[in-house]
Amino acid sequence: MKNIEQHYDIVIVGTGIGGATVLSALVDTGASILVLERGEQLPDTAAARDAQAVFVDQSFKSDEQWRDVNGKLFAPGNYYYLGGNSKFYGAVMLRYRERDFSALKFEGGVSPAWPFSYTEFAPFYRAAETLYQVRGTVGEDSSDPGGERGYIEGPVPDEPCIARLRQKLLDKGYHPFSLPLAVDIERWLARSQTPWDGFPDTGTGKIDAQAAALTPALEHDNVTLISGAKVSRLQVSECGKRIKSVEFEKAGQQLSVSATLVILSAGAINSAALLLASKCARFPKGLSNSSDQVGRNFMNHNCSALLAINPFRRNRAVYQKTIAVNDYYFGDEPSGEPLGNIQLLGKLNGSILKAGLPAKFRWLPTFVLNWLANHSVDWYVMSEDLPNPESRVSLDDDGCIRLSWQRSNMSAHNKLLSRAKKMARATGYPFLLSKPFDSSVPSHQCGTVRMGIDPALAPLDSYCRSYDQRNLFVVDASFLPNSAAVNPALTIAAQALRVAEHIKTTETF
Ligand SMILES: Cc1cc2nc3c(=O)[nH]c(=O)nc-3n(C[C@H](O)[C@H](O)[C@H](O)COP(=O)(O)OP(=O)(O)OC[C@H]3O[C@@H](n4cnc5c(N)ncnc54)[C@H](O)[C@@H]3O)c2cc1C
């Protein structure tokens, strides 16, 4: 193990939404900051806008494999690049609803309360919206949490067929609203006429963690980035209460660097895995884990794709993803449980459909799938997944990640899916096909190193600081105590800004 000579004030592991955003808010402290990122710059090639290359050939996936609950190896849809998973995200930047910050009862259990209120958090949401150049509007969303927005412009416009769909929904008594989106749509389409959801961003209009936060931060002299640096372990100090050094592998070399503060932002699955991998004689369950909650409470949303097909109506949308419906977010019966969010997917085509088909249907000719996609409106139906200690990330003896996802709250999801189908039929789409997303797509992974007020139940305090090792912060989707039923990125970014503010007021560099 070779020591990098220099000591850094702060070492940040990972450049996803959590890592890049906290970095962007800490650069002006003047602290010396080292960023260690396992991935490299996403290559700007024609493949980045080719659905066959992205979805069928999976050219941008790593060759990493994890095990599922039964020990079966699978290739996870988890991405390692500068900017992390946000390079591929759908750029939906929704806030949690105000009631998502309180305990909520579901048929399948309870969604726990946050350690602070929406009111306290709202200013950070606003700052995150501005940082990620979100476009959106207020007043349309039936469960809107209120508060001033940081939107930089009005919403991304509906394409003509989506504008007609919006009108149809309104006519039928639904409340469609414009999705808040971190996309410069003109720039995105100028490169090539594709949707952005699931397509990698090569710096052409998606405002991801790299574009919004990492690249501007790297202009500061006090920030050093080492890419291709896979962190393998955190070393604890003799007293056990601090992280002493961060060990990583770069180009076959084992290196180590010491730091005053360590911010772990490797993503909900990898951050938990790293803390578990850092076990030692003194901490045999891993670091920051006196609660035994590290890796537990893994959540991922219950999501289904719903294809609403009308053989006589052509969908000519290129990107499609501009509206959503929250009419069922808190349920539609007085005593009913919350059900979730329904939003449009990025427009599917035959290649994307093929990639999602079970192996036994992959023989279907692409022209048939293209016909289906040309006559469908494609919805994403999303319900809350509840925390459960047995739903977890663990490490097998050979170091392989095991993802034992225990789905929860499926009754709510099935009800929401049936409401979504009814809505699709009402808007003129009589044929409906749906398919749930499984654990090989952990795109909304969260909860594995959660924050809370009781150190016996949560590894992190409400500023994402480890109760056990006080110079360690975990700032990525791990900290989320619940998954709510909205896409997570804006909430991760807002909390990263809140944590940075806390660090600035409590630490001196
Ligand atoms: C296809 C897709 C679509 C999505 N759409 C949306 C959407 O529309 N809206 C939304 O809110 N969310 C969306 N998400 C989810 C969103 O992208 C994630 O919630 C968010 O990016 C998570 O950020 P993070 O910082 O927690 O982790 P990550 O983005 O996973 O970042 C972790 C970083 O750490 C690096 N890393 C990992 N391990 C190590 C290690 N050992 N050493 C060094 N570096 C390491 C990784 O390479 C990565 O850069 C989508 C995700 C996907 C995959």
Side-chain angles (χ1 to χ4, degrees), residues 11-23 35-40 42 54-55 60-62 64 76-96 128 132 134 179-183 195-201 206 208-210 213-214 225-234 246-250 263-275 277-278 300-301 303 321 324 341 343-346 380 382 401 437 441-449 474-480 483-484 486-493 495-496:
V11 170
I12 300 178
V13 181
T15 61
I17 296 276
T21 308
V22 76
L23 167 70
V35 183
L36 296 172
E37 166 55 55
R38 165 180 176 166
E40 298 283 5
L42 199 146
V54 176
F55 296 93
F60 293 88
K61 252 189 180 179
S62 80
E64 182 179 51
N78 205 41
Y79 296 97
Y80 302 107
Y81 293 100
L82 297 181
N85 280 298
S86 73
K87 300 305 291 179
F88 293 78
Y89 81 156
V92 172
M93 289 301 222
L94 274 168
R95 297 181 180 198
Y96 273 32
Y132 280 82
V134 179
L179 279 168
L181 291 164
V183 178
W196 60 82
D197 197 3
F199 282 82
D201 177 30
K206 195 161 15 176
D208 55 37
Q210 185 179 21
L214 179 64
L225 167 72
I226 307 183
S227 61
K230 186 176 177 192
V231 173
S232 50
R233 189 178 171 82
L234 308 180
V246 178
E247 296 178 1
F248 63 100
E249 188 194 314
K250 164 89 185 163
I263 302 178
L264 185 53
S265 300
I269 294 171
N270 280 299
S271 283
L274 255 169
L275 292 172
S278 302
N300 188 32
H301 282 150
C303 296
K321 194 176 181 70
N341 164 277
Q343 61 185 248
L344 287 172
L345 277 167
Y380 186 51
M382 173 169 40
I401 288 175
F437 288 87
V441 189
S443 46
H444 291 184
Q445 57 185 274
C446 64
T448 50
V449 194
V474 183
V475 184
D476 55 29
S478 311
F479 74 79
L480 288 166
S483 64
V486 292
N487 323 54
L490 186 73
T491 303
I492 303 167
Q495 174 69 346

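Both ligands and their constituent atoms are indexed starting at 1 by order of listing. Note that the structure is a prediction, hence the values are computed from the model and not measured.
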Worksheet item: Hey, which atoms in ligand 1 end up nearer than 4.0 Å to a heavy atom of T15?
Response: 33 (C), 49 (O)
Worksheet item: Atoms of ligand 1 less than 4.0 Å from S265 heavy atoms?
Response: 32 (C), 33 (C), 34 (O)
Worksheet item: When you measure from the side chain of T448 to the backbone N and O of A268, does any donor-acceptor pair fall under 3.5 Å?
Response: yes
Fill in: Atom indices of ligand 1, in the order listed, that fall short of 4.0 Å to a heavy atom of V13
42 (N), 43 (C)
Worksheet entry | Closest non-hydrogen atom pair, K321 against L181 | O-CD1, 3.4 Å
Worksheet item: A489 heavy atoms, cut-off 4.0 Å: which ligand 1 atoms fall inside?
Response: 10 (C), 11 (O), 12 (N)
Worksheet item: atom 45 (C) of ligand 1: which protein heavy atom is closest, and how many Å away?
Response: R38 CB, 3.5 Å
Worksheet, complete the sentence: side-chain hydrogen bond (donor to acceptor under 3.5 Å, both in side chains) test vs Y80 passes for just one of E64, E40, E37, namely E64
Worksheet item: Would you call the rings of F88 and Y79 parallel, tilted or perpendicular if under 30° counts as parallel and over 60° as perpendicular?
Response: parallel
Practice prompt. Pick whichever of G198, G267, S227, A496 has a heavy atom sitting closest to atom 27 (O) of ligand 1.
Written response: G267
Item to complete: Please report which non-hydrogen protein atom sits nearest to atom 49 (O) of ligand 1, along with the residue it belongs to and the distance in Å to one decimal place.
Response: E37 OE1, 2.6 Å
Worksheet item: Of all the non-hydrogen atoms in the protein, which one sits nearest to atom 12 (N) of ligand 1, and at what distance?
Response: P488 CD, 3.6 Å
Practice prompt. For a side-chain contact (heavy atoms from CB on, under 4.5 Å) with L264, tell me which candidate from L275, V231, V449 qualifies.
Written response: L275
Worksheet item: Which of the numbered atoms in ligand 1 are below 4.0 angstrom from a heavy atom of G18?
Response: 25 (O)
Response to the item:
protein heavy-atom neighbour closest to atom 42 (N) of ligand 1 works out as V231 N, 2.9 Å
Response to the item:
Note: ligand 1 atoms sitting under 4.0 Å from heavy atoms of D476 are 24 (P), 25 (O), 26 (O)
Item to complete: Report the nearest protein non-hydrogen atom to atom 51 (C) of ligand 1: residue, atom name, distance rounded to 0.1 Å.
Response: S443 CB, 3.5 Å
Discussion item. Heavy atoms only, cut-off 4.0 Å: how does Y81 contact ligand 1, side chain, backbone, both, or neither?
Written reply: backbone
Item to complete: Could you tell me the residue and atom name of the protein heavy atom closest to atom 30 (O) of ligand 1, and the distance to it rounded to 0.1 Å?
Response: N85 ND2, 2.8 Å
Item to complete: Considering the heavy atoms of G14, write down every atom of ligand 1 situated less than 4.0 Å from one of them.
Response: 33 (C), 34 (O), 35 (C)
Worksheet, complete the sentence: Among non-hydrogen protein atoms, atom 26 (O) of ligand 1 lies closest to A477 N, 2.9 Å
